[in-house]
Amino acid sequence: MGIDNAIKVYDWDGRLIWRYRLASEGDIPHHDVIWLANGDVMDLAKVEASRHDYLLEVGRGGGVVWEWRFSEHLDAAFPERDRRHPDPTHVNSVHELGPNRWWDAGDERFRPGNLLLSARTLDSILVVDRRTGKIVWTWSEGLDRQHEAVMVPSGRIGEGLFLVFNNGLANRFAFRRSSVLAVDPVARSVVWEYSDPLFYSSLAGSQLSLENGNLLVTSSHGGNAFEVTPAKKIVWQWIPPWQPMRLERYPYDHCPQLERLGRPEEQPVPPQRRRPYIAEELHFFAVSGEYRSRPVAGERRQLVRNPNSCRELLIPAKPVLGIGYGIDVKAPRAAGVVAEFGVTVTRL
């Protein structure tokens, strides 16, 4: 997906070999595009005017062979939704179900080829039946602006479970804490959860089931990626100089081009940090969406959008704590304003 309304395929040398443009010039593909088991491409897109999401299955010849529009199913599946929200569904992932034990046991809701979606605005994940177009399964319990709903493939630990990155953006009671959930879709229960006070990504985030039974977690706005065991022990971590998005791990022989490079010599890399990694977003006083950019003394600065209560602020080792407090003297009723500001720093 690019900045235009097209999805494209490039070869290893960067040559464009396939392209499909959406019929409506204003509509945009966003968040996810996947290969299907039948060789077609499933594209997630959004209507420009209404911002409703829809799915297009595009054949390799460039024709649309299947289409599904979320707006046609909202009233039946989500009658209690916020009908005034400017972004009604905000689907952020689409995943094709593969062979699974639920289907083998006779549960047609989880037929291979059906689609598992994450609808962030609705705080829900759902399964769409490709044959009928109906929403046949939903889950919302405890979800809070989640991302990346996927099924654990057959043959791996936890096969058939639905994994989801639960961001925790709106839950002030949990206070800036994300989690990775493993949901049994038949029993309708959370059977495993990873969370930590220092783990938080208000936006984005993903998790990938590995062959060794561990999960590869990408904490996008937290600024790191890590591998965690079923016993919830972190055994590998990477902290890039930019926000990581949806990491995947490939074997050295994943494709002919990589296989020709040969297997490199692996060397252990000892941890460089004595203390646990603290998610980048926990360094900030205001969380995402609570601040806005405004010019102050000739420079653009991030200012708190509305009056807010005190927040606990976690900061890394050897920090620099900068605090500014200002009043717009040109605003009505600014004269005579009495304001107080206090900071308490406690060493953990």
Side-chain angles (χ1 to χ4, degrees), residues 1 30-37 41-42 44 91-102 110 112 114-120 125-127 139 143 145-168 177-185 190-196 199-240 242-255 258 266 269 277 279-280:
M1 294 176 289
H30 66 95
H31 279 89
D32 216 352
V33 57
I34 62 172
W35 293 113
L36 297 174
V41 175
M42 183 64 71
L44 170 62
V91 175
N92 51 42
S93 72
V94 54
H95 172 76
E96 183 183 22
L97 301 186
N100 63 84
R101 58 189 176 116
W102 317 120
F110 308 108
N114 285 354
L115 301 173
L116 175 61
L117 311 181
S118 167
R120 185 171 189 261
I125 60 177
L126 54 127
V127 173
W139 172 271
L143 294 185
R145 302 303 190 264
Q146 79 292 326
H147 281 76
E148 196 73 7
V150 297
M151 174 185 275
V152 178
S154 293
R156 298 192 180 179
I157 293 177
E159 60 180 357
L161 298 178
F162 287 177
L163 303 175
V164 61
F165 191 104
N166 198 23
N167 295 83
R177 183 180 296 194
S178 298
S179 60
V180 175
L181 307 177
V183 177
D184 183 323
V190 175
V191 298
W192 185 89
E193 178 179 2
Y194 173 80
S195 187
D196 187 272
F199 169 45
Y200 180 66
S201 179
S202 65
L203 302 173
S206 68
Q207 69 291 310
L208 176 70
S209 174
L210 302 176
E211 291 185 357
N212 62 7
N214 298 344
L215 293 182
L216 177 61
V217 179
T218 307
S219 179
S220 299
H221 281 229
N224 71 326
F226 56 90
E227 180 180 344
V228 60
T229 69
K232 305 179 183 179
K233 178 182 179 182
I234 294 179
V235 294
W236 180 87
Q237 183 172 227
W238 181 48
I239 304 168
W242 31 262
Q243 291 182 341
M245 296 286 174
R246 194 180 266 162
L247 266 67
E248 296 191 28
R249 181 175 293 174
Y250 295 100
Y252 294 123
D253 59 353
H254 172 72
C255 60
L258 288 180
E266 294 184 347
V269 180
Y277 178 79
E280 290 179 355

Distance-minimising heavy-atom pair for [X] and [Y]:
X      : Y      : answer
Ser220 : Pro244 : OG-O, 2.8 Å
Gln207 : Phe165 : OE1-N, 3.0 Å
Asn167 : Ala204 : ND2-O, 2.8 Å
Asp184 : Trp102 : OD1-CH2, 3.5 Å
Val94  : Leu115 : CG2-CD2, 4.3 Å
Pro240 : Gly223 : CD-O, 3.7 Å

Worksheet item: Would you say the side chains of Asn212 and Glu227 form a donor-acceptor pair under 3.5 Å?
Response: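 Short answer, yes.
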Worksheet item: Under 3.5 Å, is there a donor-acceptor pair linking the side chains of Ser93 and Asp32?
Response: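 Looking only at side-chain atoms, Asp32 and Ser93 do not form any donor-acceptor pair under 3.5 Å.
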Side chain of [X], backbone of [Y]: donor and acceptor closer than 3.5 Å?
X      : Y      : answer
Lys232 : Glu193 : yes
Ser154 : Pro99  : yes
Trp192 : Pro230 : yes
Asn92  : Gln146 : yes
Thr229 : Ala231 : yes

In Å and rounded to the nearest 0.5 Å, what is the [atom1] to [atom2] distance from [X] to [Y]?
X      : Y      : atom1 : atom2 : result
Phe162 : Met151 : CZ    : CE    : 4.0 Å
Asn224 : Gln237 : CG    : CD    : 5.0 Å
Leu36  : Met42  : CG    : CE    : 4.5 Å
Leu247 : Thr218 : CG    : OG1   : 4.0 Å
Leu210 : Ile157 : CG    : CD1   : 10.5 Å

Any side-chain heavy atom of [X] within less than 4.5 Å of one from [Y]?
X      : Y      : result
Tyr194 : Val217 : no
Arg120 : Leu203 : yes
Ser118 : Val91  : no
Phe110 : Leu116 : no
Ser209 : Leu215 : yes

Worksheet item: For the side chain to side chain contact (heavy atoms under 4.5 Å, CB included) test, which of Val180, Val150, Val190, Leu143 pairs with Val164?
Response: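 Of the listed options, the one satisfying the test is Leu143.
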Worksheet item: Should the ring pair Phe226 and Phe199 be called parallel, tilted or perpendicular, given that the plane angle runs from 0 to 90° and is split at 30 and 60?
Response: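 Phe226 vs Phe199 ring planes: perpendicular.
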Discussion item. Check the orientation of His31 and His147. Use parallel for under 30°, tilted for 30 to 60°, and perpendicular for over 60°.
Written reply: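 Tilted, since the angle between the ring planes falls between 30° and 60°.
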Item to complete: Name all pairs fulfilling the salt bridge (charged side-chain N to carboxylate O under 4.0 Å, His left out) condition that reach into residues 148-167, sequence neighbours left out, sorted by first residue then second.
Response: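 Salt bridge (charged side-chain N to carboxylate O under 4.0 Å, His left out) check on residues 148-167 returns Glu148-Arg246, Arg156-Glu211.
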Worksheet item: Among all residues two or more places apart in sequence or in another chain, which pass the ring-ring contact (aromatic ring centres under 6.0 Å, His included) test with Tyr277?
Response: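 Applying ring-ring contact (aromatic ring centres under 6.0 Å, His included) to Tyr277 gives none.
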Fill in: Pair Leu161-Arg101, side chain to side chain contact (heavy atoms under 4.5 Å, CB included): steps then yes or no
CA-CA 10 Å; Leu161 298 178; Arg101 58 189 176 116; 4.1 Å; yes
Discussion item. Show, in sequence, the C-alpha distance, side-chain angles and deciding distance for Val152 and Leu163, and conclude whether the side chain to side chain contact (heavy atoms under 4.5 Å, CB included) test is met.
Written reply: CA-CA 7 Å; Val152 178; Leu163 303 175; 3.7 Å; yes
Worksheet item: Could you walk me through whether Trp35 and Glu96 pass the side chain to side chain contact (heavy atoms under 4.5 Å, CB included) check?
Response: CA-CA 9 Å; Trp35 293 113; Glu96 183 183 22; over 6 Å; no
